Amino acid sequence: MQTFNFKACAAAVLLPLFSHAAAADDAAPVRIGFMLPATGTYAALGNMIENGFKLYVAEQGGRLGGRTIHYFKVDDESDPSKATENVNKLVKRDQVDVLVGSVHSGVALAMAKVARETNTLLIVPNAGAEAITGAMCAKNIFRTSFTNWQPAFAMGKVAAERGHKKAITITWNYAAGNESAKGFADGFEKSGGKVEKAMNVPFPSVEFQALLTEIAAQKPDAVYAFFAGGGAVKFVKDYVAAGLNKTIPLYGPGFLTDGTLDAQGAAAQGIYTTLHYADNLNTPRDNAFRLAFVKAYKSNADVYAVQGYDAAQLLAAGLKAAGGDLTKRPQMIDAMEKTRIDSPRGSYRMSASHNPVQDIYLRQVRGNVNEVRGTAIKALADPGLGCKM
Ligand code: PHB
C-alpha cells in the first residue's frame with residue numbers, strides 16, 4: 001500500500017516557492033576587492049570609502065541582489081609603482097568579482113588597465129584621472145566620484161566671477177594635481193581670468209616653503225591649490241603661517257578642506273571650495289545618511305564616505321537587475337548605466353562614459369563644517385574626451 005509521504009509532498013510544493021531564495025543563499029558570496037590606501041597621506045580617505053561602502057551593504061541586510069558579500073583588501077599605499085602587482089593580488093590570487101578603488105589617480109589608472117585586460121568589473125570610488133572615463137573608458141569600468149576637471153572647472157568660473165584676474169595654481173605633480181590645475185585654468189580663463197603660473201611639488205611631498213615665498217613675491221589675486229588628506233592639512237596651515245591668507249585668497253576643489261577640518265582648525269576658516277558634496281546639504285536623504293554613518297563609525301561622513309556608499313549603491317543596482325547572477329554581465333551593466341543613484345550628495349545619473357553627471361556646490365568653511373553657499377554649476381558632465389564604447 002502506498003503511504004502518503006507528507007515531507008516529500010511539502011518539499012515538492014514549497015521548493016519552487018523558495019528556490020530563488022535558496023539559490024541565493026547557496027551561491028558563493030560576491031567577492032569584492034578593495035584596493036585603497038591604508039597608509040600614507042591618503043589613508044583616512046581610503047578608510048572613509050570602505051566605511052561608506054560597508055554602511056550601504058549593512059543597510060541592505062548584508063546582501064546585494066540577494067547575494068552575501070565577502071571583502072578582500074590590499075593597502076595600495078597610493079603608490080603607482082606597486083599598483084599593477086597589487087591589483088593582480090586581488091584579481092588573480094583572491095579571484096575577486098568586483099574591484100573597488102582607488103583614491104590616487106596614478107594607482108587607479110593601473111587598475112583600469114588591468115580591469116580592461118581581465119574584463120573585471122571596476123568601480124572607482126574617488127580617483128579623478130580623466131582617462132579612466134575618457135580614453136580608457138570601457139563597459140566594465142564605472143566611477144562614483146568625479147573627474148579632476150569637474151570641481152576644478154567650477155572653481156575657475158567662481159573665482160573669475162568673484163573678480164579675480166590673475167591666479168597661480170599649486171599642486172602635487174601627478175595626474176590629479178595637473179588635471180585639477182588645468183580644469184581650474186579652463187574655467188578661470190573662459191570667464192576672463194588668467195593663470196600666470198602653474199607650480200608643483202612631487203607627490204606626496206609637503207615641502208611648500210620655497211613655493212609659498214615665490215607666491216608672496218608674485219602677488220597674484222588668487223591661489224588655487226589641489227592637495228588632499230594629510231597634505232591638504234599641512235598646506236592650508238603653511239599658507240596661513242606664511243601670512244598669505246591676509247592678502248591672497250586661497251581656493252581649491254573641496255578636497256582641500258574635506259575630512260581635514262578638525263586638523264586644520266583656525267587655518268581653514270573662510271576658505272571657499274567647490275565640490276559635489278557639502279556637510280550641511282540638509283536634505284532628508286543626506287541627513288539620514290550622516291546620522292547612520294556617525295552611529296556606525298563615531299565620525300562624521302565626508303565626500304569620500306559618500307563616494308564609497310554610492311559605489312555600493314551602483315553595484316546593488318547591477319546585481320539586483322541580474323538576480324544576483326554575475327554571469328549576466330550585460331544585464332548588470334545595462335542597469336548600472338541606467339540607474340539614478342539616490343546619493344546623499346543629491347540624486348544623479350551616469351554619463352555615457354560612466355562618470356557622474358552632478359551638481360557642483362560652492363562651499364565655505366565655518367567651524368568644522370563645509371557649508372553650502374550655492375550651486376556653482378548644475379548637472380555638470382565631464383566631456384569624457386576620447387571615450388568610444
Ligand atoms: C586623485 O588622485 O585623483 C585624487 C586624490 C585625492 C583626492 C582627489 C583626487 O581628494
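On a predicted model such as this, the values are computed, not experimentally measured, just so you know. Numbering of residues begins at 1 and proceeds along the displayed sequence. Start at 1 and go down the list; that is how both ligands and their atoms are numbered.
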- Can a donor-acceptor pair be found between the side chains of Trp172 and Asn200 at a distance below 3.5 Å? no
- Asn86: partners by side chain to side chain contact (heavy atoms under 4.5 Å, CB included), with sequence neighbours left out: Met35, Val74, Asp76, Lys82, Lys89
- Task: May I ask you to check whether His104 and Phe203 place their ring centers less than 6.0 Å from one another?
- Result: yes
- Query: Under 6.0 Å between ring centres, would you say that holds for Phe227 and Phe255?
  - Reply: no
- Nearest-0.5 Å distance, CG of residue Leu362 to OH of residue Tyr251: 9.0 Å
- Message: If the criterion is any heavy atom closer than 4.0 Å to an atom of ligand 1, which residues make the list?
- Response: Tyr42, Leu45, Val103, His104, Ser105, Asn126, Ala127, Gly128, Phe146, Asn148, Tyr174, Ala176, Phe226, Ala228, Phe255, Tyr304
- Query: Can you tell which of Pro125, Pro344, Pro356 makes a side chain to side chain contact (heavy atoms under 4.5 Å, CB included) with Asp310?
  - Reply: Pro344
